[in-house]
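Below, chains carry the letters A, B, ... as their sequence lines are ordered, and counting in each starts from 1. As the structure is a prediction and not an experimental result, all values here were calculated from the model.
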Amino acid sequence: MKLTRRRWVQCVLAASALPFARDARGGPRGQAQRLIVFYFPDGVAGRSQDGQEGLWDARMAGGEVVLSELLEPLGDLKRECLFLRGLSLGPTDEGSHPGGAKKLLTGVDGGQGESIDQFLARTVGAGSAFRELYLGAMAGQNNASGDKYLSYPRAGTTVAPEDDPLRAFRRLFPGGPTPTPEVPAEDPNAESRRAVETALMDLTELGATLGAADRSRLEVHTDALREVSRRMTLGMPSGTPSGDGCASPRLALEPVPEGRRYDPERFPEVLRAQTDVLVQAMACGLTRVGVLQASQHTSELIMSRFRGTDFYDPGFDLRSHQASHYGPRQDRTNRLFTDFVKQRRWWVAQFRYLLEQLRARPERGGTMLDHSVVWLCSEVSDGNTHSHREMPFVLAGRAGGRITPGRVLSFPGRRHGDLLATLARALGSDVERWGDGAAGLLPGVLT
Amino acid sequence: VIDERMPVGNPDACRGACAASLAVFIKTEFSTAARACSAIPPAPRALRLLSRREFRATVRDLFAGEAPPGSGPTAPRTCARRFVYDPQGRSLASVHLAGSFNGWSPSAWPMAREASGVWSLERALEPGEHTYKFVLEGREWVRDPRNPDAVPDGFGGQNSRALVTCTVTSPGGFAGLSLPADLGAGLPAETPPQGFLYDTHAASGLVTSVHLTEQLRTADVVVRALEPVTRAFAGCTPMETREGCVEGFLRRFGPRAFRRPLSPMEGARYRAVALGAPDLESGLRRVVRAMLVSPGFLYRTELGVAAGDGTWRLTPWEVASALSYTFWGTMPDARLLAAAEDGTLGTPAGAEREARRLLGDDRARARLGDFATQWLGVGSVVDAPRSAALAPEFDATVRSALLEELRRDFNHVVLDGSHRFRDLFTADQGYYDETLARWYRIPGVAGSGWRLGPLPPERRGGVLTLGAVLARYAHSDQGSPILRGVFVRRNLLCQEFPPPPPNAGGVPEVDPRATTRERFRQHTANATCRACHRYIDGPGFAFEGFDAVGRARTTENGMALDTRGTLEDLEGFGAGTEDTADGATALGALLGRSEAARGCFARQWFRFARGQRETATQRCAVLALTRRLRDTDDLREVLVGVVTSPDFLARRGP
């Protein structure tokens, strides 16, 4: 066999990556290996201003889930989903997109708390090569300010997701798809590791002079140094064909042409690429916590430019947020409403693509989906009223046997912090409560 | 802050939410106006992570070849200065440099014409102060339009003044690294809170593992570039011992990388790093790599040392960094570090002197361009989707020309032109190149290079009629009076609005038989919406003479346009006034006279420079800045005022 340079890099990296495979996959049975949050902007056609029933919620009939109009694209995957009805983000900032986005992953009003993904990343996910992957699809459009993002490493402060799939891929798999021309001959990480050790000592010295607020920022910095140091010690990052579903990772995507970073025509391709990056990273055991953020709240994404969809219209630019204000009632003669419905179905179809990718990869005699918990969410329920009640949430995956999908559960008025705590539990965390208005784990979700 | 506090809770009534928010706003506004400012309390201590922009500029400058003073009396010195004259498109047969350095000879030092159209000359000069002029075609003596520093020439005019500093060339002749242009570009974007316009926001600056990965990658690129020139870079002589070389290198490089002397513990730590390596050169490179990911490099502190009276006093090194990052967006130069070392930066007068010097440097132009771009919020015009059917020629070249125009025009008003506040809104001259002239339909402009020239009448509204602003505040297929009105209120008047209430209608569908104004009329016809939109749409309608890509127009869908705008309560909510302006230039004339706009400019610069939104206790500092602008009518005084304010050198704890 001809040992090409690329193959050589992959072999070497694969060998060095094995410790992580054990870390990520060696937990006790009966817990989720991973959490994936799939976010889309501007809510759904929920309960209308005039009081019509929303078009989102699924229901049970004859022991089977009956999908709603908006969830219909899930098709047979409904049997892998658990439909949660009635959860609330709480009354604070109700009526606001940013207010909802701030609460969504923190469970705390105004985003004044750490988000659940960050918490899991630094607790149950701390043994992974990458504690968390936060990927965006055009999430940074229009010089986004911090409130457009979902992930809070500390109270009141977000981080920005990586919007560029190629860059994300290269960070995870530096050996491919195109090997970098300058791979150093000696251990590439030894020098960087020394630098990180020195930085940690400098950081301790600096921390001694600071007040509490700045010290908490340095804690995030310290965590970053430890994470990367650990990754380097174990010879990561790499392309790691080690997990069951971890074939040689690849990404088919052209580099972004000049000026087209936020070209809506590229959006479907970018979102799909980010989904592929996330799934491959998880298949290779590189991380247990992933957040996929499609666009941003109050989204200016011109969805009518998505080719091949049933709402494609080159003659009329219709943005996500614009469509979400379809009016006080569900009016099938109103273009804004009918296109909003089609757009929301498209988001559900993208969620389905993610689930299909997980289902297609084997893991421990089942599929990756069997060992995952995936959460589909948005920052408001009805896009027009900006309601924070009856949130459009769906879970998917069997969480390593802890979740029995194919059901609809109702929690009228319950705060969604209880869902966040439940998700954490599914990953093996021992939290009992999470966020404002917490009442404890949601009953009946985990077995 | 206002945004966060707004009680947008009632899903049925815009009026309630808006009214409440206005009440909050009126309270905060009027309380400051009414309360006398007897003292300006110290600003909070701050730990400021370099922004992505600052990080990249700092890495570039740290390895660009400037060596610190005190590298030794034997080190050869180069005291070169480059002079540049931009003829603004004018065709000239010759340009000469004449000054105190060559006996004012009009023919001794010819300048060379570059491909870009500018004339330039680089000469080695004695360190110190020189005065000079350019001599055009042997007859016409002009001062340097790019250099604001000038002194009377004794003939009723002015000579430009140049302060020549020396770059000390290290033995071995280190000439600087050439680094990839996109180095550090992979760092994540900043995440300032809603409504804060600048990437300098201090409290939200975090280093995550993604940041660190990119920092390590950057350090790796630098260290590999250093490999063949490590010894020259370090400035060690061939005779020096390894220990001596390391000591000297830490003494020279440490204070440049950390922008302050190393602490004793850091000194010992980095000495051990260097001496722990297999050989001298790899040890030096280890130091460089480690320092580039150290908090000493990544953060700049405004922490100070305890003064014993409960306040902290910034160290001269912290002042040097504050000055260079405020005015240049990069590390201090050798002269600033020298001023820190000799203690002259410890007084407001010393800080002011250096601030004025920094403003005279080209690096200040780059920084002010960054400020203006963020103040006006237009950076995203580069890749904002616009309908191709509307204007296929609105391409990447035009878009970047629009941003360059903004940077040049802002710098021109502030540094080269009248310096007057109102010219930001009323300038009748502006910069353009061939691309932009074609886009603006300015006839008779050909050839490369940018020139300053008269603007068409409809473009004489300063920042209001910049193509970048008009194209940014629009939707993909139509101009938006709402976005433009909010821009006037928020960016230019610092009057905040709550986010649109629930049930707000979206933008109406494009009706080919209606004008934008007609489509939006329901906002002000509907009492619910009117509560907020009377303030927003009024100024927005004054921009109706421009389409979604910022081109001037006189009709829309075949109908004549109504460009009359109104500004209710221009000087503050509840003022009870209503001004009218027909078109954007008339609106510019209003804003150029407005106290609220002037105060807002001072506030915006304060936020940019301090990396925070002013708190209640800092309002007096902002008011003092506003007063300074009013009294001097010189924009440079606001820029400098932020570091001469009593709350700059003294700090308070959390």
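- Between the OG atom of A:S145 and the CD atom of B:E190 there is a distance of 12.5 Å, given to the nearest 0.5 Å.
- Interface remark: A:Y149 contributes side-chain atoms only to the contact with chain B (heavy atom separation under 4.5 Å).
- Side-chain contact check for A:L206 versus B:T301: some heavy-atom pair is nearer than 4.5 Å.
- For A:L203, the parts sitting under 4.5 Å from any heavy atom of chain B are the backbone and the side chain alike.
- For chain A, no part of B:A272 is nearby; none of its heavy atoms comes within less than 4.5 Å.
- In terms of heavy-atom pairs under 4.5 Å with chain A, the best-connected choice from B:A219, B:A46, B:G205 is B:G205.
- When the side-chain contact (heavy atoms from CB on, under 4.5 Å) test is applied to A:D317, the partners found at least two apart in sequence or on another chain are A:I302, A:S304, A:R305, B:S387, B:S476, B:D477.
- Counting only heavy atoms from C-beta outward, the side chains of B:L206 and A:P153 approach each other to under 4.5 Å.
- Contacts of A:L200 with chain B are absent, with no heavy-atom separation under 4.5 Å from either backbone or side chain.
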- Message: Could you go through A:E191 and B:R285, starting from their C-alpha distance and side-chain angles, then the distance that decides it, and tell me whether this counts as salt bridge (charged side-chain N to carboxylate O under 4.0 Å, His left out)?
- Response: CA-CA 9 Å; A:E191 294 291 327; B:R285 288 195 295 271; over 6 Å; no
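- Proximity to chain B is absent for every atom of A:E197, based on heavy atoms less than 4.5 angstrom apart.
- Contacts of B:L298 with chain A are made by side-chain atoms alone, with heavy-atom separations under 4.5 Å and no backbone atom involved.
- Ranked by heavy-atom pairs shorter than 4.5 Å toward chain A, the options B:A202, B:G296, B:G653 are led by B:A202.
- In this structure, OG1 in B:T213 is found 6.5 Å from CZ in A:F130, a value given to the nearest 0.5 Å.
- Between B:S263 and A:E205, the side chains place a donor N or O and an acceptor N or O closer than 3.5 Å (distance only, hydrogens not considered).
- In this structure, CZ on B:R289 lies 11.5 Å from CZ on A:R193, to the nearest 0.5 angstrom.
- Remark: A:T157 OG1 to B:H201 NE2 distance equals 8.0 Å, nearest 0.5 Å.
- Here OG of B:S204 is found 7.5 Å from CZ of A:R217. Values are rounded to the nearest 0.5 Å.
- Looking at every heavy atom in both residues, B:R45 comes nearest to A:T209 through NH2-O, 3.3 Å.
- Minimum heavy-atom separation, A:A224 to B:L212: O-CD2, 3.4 Å.
- For B:Y299, the part lying near chain A is the side chain, with the backbone staying farther off; criterion is any non-hydrogen pair under 4.5 Å.
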- Worked check of side chain to side chain contact (heavy atoms under 4.5 Å, CB included) between B:E214 and A:R171: CA-CA 9 Å; B:E214 293 300 321; A:R171 257 180 224 135; 3.0 Å; yes
- Working for side chain to side chain contact (heavy atoms under 4.5 Å, CB included), residues B:S209 and A:R231: CA-CA 11 Å; B:S209 61; A:R231 190 187 304 160; 4.2 Å; yes
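- With a 4.5 Å cut-off on non-hydrogen atoms, A:P328 does not touch chain B at all.
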- Task: Test B:L216 against A:V196 for side chain to side chain contact (heavy atoms under 4.5 Å, CB included), laying out the working first.
- Result: CA-CA 9 Å; B:L216 283 166; A:V196 167; 4.0 Å; yes
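- Heavy atoms of B:S400 lying under 4.5 Å from chain A are absent altogether.
- Here the side chain of B:T191 pairs no donor or acceptor atom with the backbone of A:V159 at under 3.5 angstrom.
- For chain A, the nearby part of B:V273 is the side chain; its heavy atoms alone come within less than 4.5 Å.
- At a 4.5 Å heavy-atom cutoff, A:E265 makes no contact with chain B through either its backbone or its side chain.
- Side-chain contact between A:P98 and B:Q194 is present, with heavy atoms from C-beta onward closer than 4.5 Å.
- Here B:G186 is the residue among B:A388, B:G186, B:S282 with the most heavy-atom pairs under 4.5 Å with chain A.
- Here the shortest heavy-atom pairing between B:S294 and A:A199 reads CA-CB, 4.1 Å.
- A side-chain donor-acceptor contact under 3.5 Å links B:Y270 and A:D202.
- Using a 4.5 Å cut-off between heavy atoms, B:A277 makes no contact with chain A at all.
- Residue B:Q374 does not touch chain A at all, counting heavy-atom pairs closer than 4.5 Å.
- In this structure, CG on B:L47 lies 5.5 Å from CG on A:L218, to the nearest 0.5 angstrom.
- Contact between A:N142 and B:S380 at its shortest, heavy atoms only, is OD1-OG, 3.4 Å.
- The candidate from B:P188, B:P192, B:A396 with the greatest count of non-hydrogen atom pairs under 4.5 Å with chain A is B:P192.
- Taking chain B as the reference chain and counting heavy-atom pairs below 4.5 Å, the highest number among A:E227, A:K148, A:M201, A:R154 is found for A:M201.
- No other option in B:A384, B:A185, B:G276, B:G377 has as many heavy-atom pairs under 4.5 Å with chain A as B:A185.
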- Walk me through it: do A:V220 and B:V207 pass the test side chain to side chain contact (heavy atoms under 4.5 Å, CB included)? CA-CA 7 Å; A:V220 175; B:V207 175; over 6 Å; no
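- Using a 4.5 Å cut-off between heavy atoms, B:F258 touches chain A through its side chain atoms alone.
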